[in-house]
There are 2 protein chains.
Amino acid sequence: MQSVSVIQETALPWPSLPHVYDPRLAPRHRRDMPSPIAARAAHKCIIRAFKKDQQIFGEGIVAEFSAQVVTGAVRMSKLLGDGRRQIDAFHLAGGFFGIESGPEHRFSAEATVNTTVRVYRFGDLDSIAADGQFAGKAVFAALVQSLECAQDHALLLGKKSAREKVSTFVLDLAERLASDKTIDLPMSRMDIADYLGLTIETVSRTLTQLQRDGIIDLPCRRRAIVLRNKSALRRLANGDVDFTLSGTG
Amino acid sequence: MQSVSVIQETALPWPSLPHVYDPRLAPRHRRDMPSPIAARAAHKCIIRAFKKDQQIFGEGIVAEFSAQVVTGAVRMSKLLGDGRRQIDAFHLAGGFFGIESGPEHRFSAEATVNTTVRVYRFGDLDSIAADGQFAGKAVFAALVQSLECAQDHALLLGKKSAREKVSTFVLDLAERLASDKTIDLPMSRMDIADYLGLTIETVSRTLTQLQRDGIIDLPCRRRAIVLRNKSALRRLANGDVDFTLSGTG
DNA sequence: CGATGGTTTGAGTGTTTTCAAAGAACGTGG
DNA sequence: CCACGTTCTTTGAAAACACTCAAACCATCG
C-alpha cells in the first residue's frame, strides 16, 4: 500500500559513504576490506521508495531497521506534548539514520521529498559494538558524527540569531550537497523553520533580507537558493563580528 | 569524602600529566560508581582536583585524555566567534567526558564548582572501538548517552519557552542528583543561562515566577531549589498542554 | 564587619512571533 | 498545452517574549 517499490539489491559497500565514513577514522581498513555488516546484510538489503512527507518510521516504534539515504532527504523529528516539532537533523544521500541504542526509535523519520532509502536490518547495538572489525567502527563513526552534528546544532539553536541560523543552514547545505552556486533545497520552509527553531515567516523574511543584502539570490523556483557572497555567509554563520547590520541601511 | 588523598594542582597543562600509578588511588572504585573503563585502564588512572571555574581542557586542545567526574560538576562549552558561550552539557558524579573522535577536543571543559575527576589516557577511538569487551561497550554507551542528551537539548533550545526550559532543567537536575526535595545546584545562574540559551536575568525571573506559582521554593541559600509541585514541573517541562498561564492570574 | 561578586528586580527596547492576507509556484485535470 | 485550484511562500501590522541596561539587594568570604 504505502511502499512504492521494493527491489532486491546486491552488496553495496558501506565504505563509499560520504557522510558516515570519515577516512580519518579508519583509513587503514578502508581499502578492499569487506564490511561484515554489508556482507551479512547484503542478502536482506532492500531499497524502498517513500513519497514526500511519508513516514519511514515513527517515534517510539521498535527499532528493527536502520537505513541509508540513496536519493532525496529524510528529516528526523521529535514532538513536544502540544505538537510543537523540532527537527534534529536532515539526512541527505549517503547518510545513515535509525541506529538506536535502546529498543525503540527516539525520533520519527520522514521523507522531505520523494526519497529512496536502503534498508538494513540490525541486531542490537551491543553486538555491533562487540564487533571489533569494520561494522563496529562504521557504526561508531556514524554515532560520533551524529553527536558532533547535534552539538553544533545546539550551539546554533541556543546562541544564534535568525540571520545567523539561516546563514549557517544555507552554508551547511551547500557543503553537504556539494553545491557551488545553486542549492536545490530538498525541504520546505516549514522543515527549515522547525530545524532552526524559527517560524516559517521568520525564515522567509530572513532569506529575503539576505537577498536584499546581496548575499544570496532567490530565483523564481522557490526550492532553490543561489550563493552570491559565500564569505559573508560564512562570517555570519560563525558570528565572527557584528555583521548583523549590513549594506543598504 | 573519600579516604584517598587527592592531588591538588594549580596550573595544569594537560600534556604534562604525570602518568603515575598509585595503587592507593586508582583501583579503588566507589562501589556506587562502577567504572568498567577504569578496570581496564587502572594502571594509567589518576585522580585530580580542580577548583571552581578552573579549566580541565580547552576547545581545540589535543585530546589525549578523557575523564570521569568523581565529585562536583563539569561544564562542556563552546564559543562563538564573538564570545557568546553555549554550554552543551553538565557532567555530574559518574559522568564521562572528553571522549573524542577526532584529534582534538571540540569543547572546553571547566569545573563549575570544586571538582575531582578520574583521568584516563585513551588511545584513539579506533582502538577503543576495536575492543569488543568492556571498554568498547562502556565508551559506546557513554557516547550514545551523550547523543541522546544532546538531542533532547536541541528540542529544549529550539522549541521551549523560558518557563519550560527552566522547568526541564530543574527536573532533570533533581533526577540526576537523586534529589527528592532539595536540589543543591552545582553551578551558577550564568552557567544555567548559557545551558538553556537564556540570560541570567531571565533565568532568575523565571525561577522567581515559578516560586510565586508555588511550583518551587527558593531558600535564602541561593544555590538551592526546593521542589514543591513536581507534577506541575513535569507538565511544564513536557509542554503537555497550555500550562503557560498559571495560578495567581 | 565591610568588601565583593553573584543574584534579583525594574524599565525600556528589540527581535521574533502571531495573526492575517496577498502573492506565486506547482500539480491536476481538461 | 493551458487553466484552474491548491498549497506553499511572502509580506504586513501588531503583540509577546526575552534581552539589554541599570541599580538595588544580599549571601559569602576575607
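Chain naming here is simple, since letters A, B, ... match the order of the sequence lines and numbering starts at 1 in each. When reading the values below, keep in mind they use all heavy atoms of this one structure, side chains included, and skip hydrogens, waters and symmetry mates.
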J.: Checking all strands, does A:S204 fall into the base, sugar-phosphate, or nothing category for heavy-atom contacts under 4.0 angstrom?
T.: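 A:S204: base contact, heavy atoms under 4.0 Å.
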J.: Summarise how protein sits on nucleotides 18-30 of chain D as a single string, 5' to 3': B when a protein heavy atom is under 4.0 Å from the base, S for sugar-phosphate-only contact, - for no contact.
T.: SSBB----BSS--
J.: Distance check needed: C:dG10 C1' versus B:Q209 CD, whole Å only.
T.: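 Roughly 15 Å, once rounded to whole Å.
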J.: Hey, what do you get for CG (A:L157) to CG (A:D152), rounding to the nearest 0.5 Å?
T.: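 Reported value, rounded in 0.5 Å steps: 11.0 Å.
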J.: Tell me the interatomic distance from B:M190, atom CE, to C:dT8, atom C1', rounded to whole angstroms.
T.: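 My rounded result for the distance is 15 Å.
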J.: Return the value, rounded to whole Å, for the distance between atom CG of A:L218 and atom P of D:dT9.
T.: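 It is 12 Å, rounded to the nearest whole Å.
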J.: Tell me whether the count of non-hydrogen atoms from other residues, nucleotides or ligands lying under 6.0 Å of CD in B:E104 goes above 12.
T.: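 Buried by this count: over 12 neighbours within 6.0 Å.
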J.: Within this structure, what is the CG-to-C1' distance between A:D191 and D:dC8, rounded to whole angstrom?
T.: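 It is 12 Å, rounded to the nearest whole Å.
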J.: Looking only at heavy atoms, what is the nearest atom pair of A:V69 and A:V117, with distance?
T.: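 Minimum heavy-atom separation between A:V69 and A:V117: CA-CG1, 4.2 Å.
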J.: Take the protein atom CE of B:M187 and the nucleotide atom C1' of C:dG6, then report the distance between them rounded to whole Å.
T.: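 Those two atoms, CE and C1', are 15 Å apart.
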J.: Any idea how B:H105 and B:F57 line up, ring-wise: parallel (<30°), tilted (30 to 60°), or perpendicular (>60°)?
T.: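 Taking B:F57 first and then B:H105, their aromatic rings lie parallel (interplane angle under 30°).
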J.: Could you give the NZ-to-P distance, from A:K52 to D:dT6, as a whole number of Å?
T.: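 Computing the A:K52:NZ to D:dT6:P distance gives 16 Å.
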J.: Can you tell me the distance, in whole Å, between the CG atom of A:D194 and the P atom of D:dC8?
T.: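 The distance from CG of A:D194 to P of D:dC8 comes to 13 Å, rounded to the nearest Å.
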J.: Could you check how far CG of A:D82 sits from P of C:dT18, rounded to whole Å?
T.: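 Taking atom P of C:dT18 as the reference, CG of A:D82 is at 11 Å.
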J.: Atom CZ in B:F90, atom CE in B:M76: separation rounded to 0.5 Å?
T.: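 Output value for this atom pair is 11.5 Å.
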J.: DNA chain C: A:P219 or B:T208, which has the more 5' nearest nucleotide?
T.: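 First, find each residue's nearest nucleotide; the 5'-ward one identifies B:T208.
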J.: Can you tell me which residue among B:R176, B:R221, B:R222, B:R223 is in a salt bridge (Lys or Arg N to Asp or Glu O under 4.0 Å) with B:D184?
T.: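 One option only clears the test, and that one is B:R221.
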